[in-house]
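Read through the structure below, which is laid out as structure tokens, and then see the notes.
Side-chain atoms are counted along with the backbone in the values below, which use heavy atoms only and exclude waters and symmetry mates. So you know, we letter chains A, B, ... as the sequences are listed, proteins then strands, and number each from 1.
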Amino acid sequence: MSVFALVDCENFYASCERIFRPDLKYKPIVVLSSNDGCVIARSKEAKQLGIQMGVPWFKTKKNFLKNGGVFFSSNFALYGDISNRVMNILAGMANNIEIYSVDEAFLDLENMNLENSDIADEFAMHCRSLIKQWVGIPVRIGIAPTKTLTKVASYLAKEQTKRPGIFSISNNWMEIASSLKKVPLHEVWGVGKRLGKKLSVLGLRTAYDLACIDISLIRSRYSVVLERTVRELRGETCLQLDKSLDPKKQIVVSRSFSEKITRIEDLFPIVNDFGVRACEKLRKENQLCSKAGVFIRTSPFRIKDKQHSASKFFTLSSPTNDTRDILNGIRKSLPIIFRRNYPYAKSGVMLMNFSDTHVKQYSLFNADNLLKQNDRLMKTIDQINQKENLIRFASQSEVGYTAFRKTNVSPRYTTNWNELPRVNE
DNA sequence: TCTGGGGTCCTAGGACCC
DNA sequence: TCTGGGGTCCTAGGACCC
């Protein structure tokens, strides 16, 4: 019998900021996206102030600060490190774990007896207090027979007063049904905005309504994906824990600009930066790519502006992770899609069609030994830059895209010697 | 003035093969 | 008048997730 747990860090980025700032314990906190563009995380208090997820910062800033709110620009070095610490604890608590995102993991609790709800609750409480004590992050835990139901449980765990942050559902239709009735349709894992709209036209309101629908209807009118969701809601395990350490299938580095760019001379250094960064990621994954592309677009929010969005992909003559190959491709591709006098707001570089470095396919027209030298060159550059970004390509921007607007970044408390927290005597 | 970044999977349709 | 059957691979687009 399958049993899964979902461990979900509450208000993750905001909670991370709070670890080293106990003075902010009951204050509303928001964390902003790059360029301080919009709100991407909110503490409980910020949610209570009515700050919506994804709202543009400039629209809510004044009101939020007036109410005593504190904001942070995103500090992914900190969040990544805290995430690792949480995941390490979880890895020690279950035979198998799937790290689903920076703030969420599924645990395989195979053989746990869910009929006795005390067992599940005790496990969850132990897990919760350990993470709180060792890392300082509050988590919510849902336990259920399918992954989709753990999401339901986690949602219901929010409202628990007896055992806050914990909820379990056993594999019993009566119990599942009563849980599902409390969950609105759009909260179901796998039902997004569009599907939610379509399904509500059919009169569905809750997760329970969806679970009761005729499977063959779902299959013929929607997709196999939604069919799995329905089956999982009924307690039938369709999704297993994904333990594979599959390599990525695509790497994207993209940013919005703090100021619109209209000249290709200004665009090139930034896009090249994206290319350099993307190749670093690719080498870290021990992969080669045989296709890459660049895209640019204007801001869809500025309706009065001329709009343009375009991408251009190029195929590499042989699979590569050599930054120079990608920069070459960008140099040829960007002018093809670029249009003069359009206010570009965002661009990015994508790498795809990966293959393993061990199975490198050499080109008929390149000398093998040259490729080996390139490998060593790239490795050396990576090693040097890992400590301090000293080596740059001439075509990269001098300041780098990291120079984009950030008005209030917290220190990298746990990953940089110079930014360790200080204790006053 | 100012609106994030990075992923995955599925499907339909076209090109091509024998 | 009549025009096969069974595949694979690739791409673009749509949906979802955090």
Partner of dC18(B) by Watson-Crick or G-U wobble geometry, both contacts under 3.5 Å, or none?
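The base-pairing partner of dC18(B), which may sit in any strand shown, is dG5(C).
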Of K249(A) and M53(A), whose closest DNA chain B nucleotide lies nearer the 5' terminus?
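Upstream on the strand: M53(A).
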Contact class for [X] (heavy atom, under 4.0 Å): base, sugar-phosphate, or nothing?
{"X": "V55(A)", "answer": "nothing"}
{"X": "E104(A)", "answer": "sugar-phosphate"}
{"X": "I251(A)", "answer": "sugar-phosphate"}
{"X": "D103(A)", "answer": "sugar-phosphate"}
{"X": "K61(A)", "answer": "nothing"}
{"X": "V188(A)", "answer": "sugar-phosphate"}
{"X": "W189(A)", "answer": "sugar-phosphate"}
{"X": "K198(A)", "answer": "sugar-phosphate"}
{"X": "V224(A)", "answer": "sugar-phosphate"}

Distance below 4.0 Å between R228(A) side-chain N/O and dC10(B) OP1 or OP2
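Yes, because at least one side-chain N or O of R228(A) sits under 4.0 Å from OP1 or OP2 of dC10(B).
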Would you indicate, yes or no, if dG6(B) has its OP1 or OP2 atom less than 4.0 angstrom from a side-chain nitrogen or oxygen of S254(A)?
yes
Does the plane of the ring in W57(A) sit parallel, tilted or perpendicular to the ring in F64(A)? Use 30° and 60° as the thresholds.
perpendicular
Which one, [options], comes nearest to the side chain of [X]?
{"X": "K291(A)", "options": "dG5(B), dG7(B), dT11(C)", "value": "dT11(C)"}
{"X": "K59(A)", "options": "dG5(B), dG6(B), dT3(B)", "value": "dT3(B)"}
{"X": "S34(A)", "options": "dT3(B), dC18(C), dG4(B)", "value": "dG4(B)"}
{"X": "K248(A)", "options": "dC2(B), dG5(B), dT8(B)", "value": "dT8(B)"}
{"X": "R255(A)", "options": "dG5(B), dC10(B), dT8(B)", "value": "dG5(B)"}

Rounded interatomic separation in angstrom, taking CZ from R297(A) and C1' from dT3(B):
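Roughly 9 Å, once rounded to whole Å.
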Electrostatic pair D8(A)-R140(A), nearest N-O below 4.0 angstrom
yes
Salt-bridge criterion met for R392(A) and D273(A) (N-O under 4.0 Å)
yes
Verdict with supporting geometry, Y155(A) and F167(A), ring-ring contact (aromatic ring centres under 6.0 Å, His included)
CA-CA 9 Å; Y155(A) 172 80; F167(A) 197 85; 10.0 Å; no
Would you say N67(A) and N63(A) are linked by a side-chain donor-acceptor pair, where the criterion is simply a distance under 3.5 Å?
yes
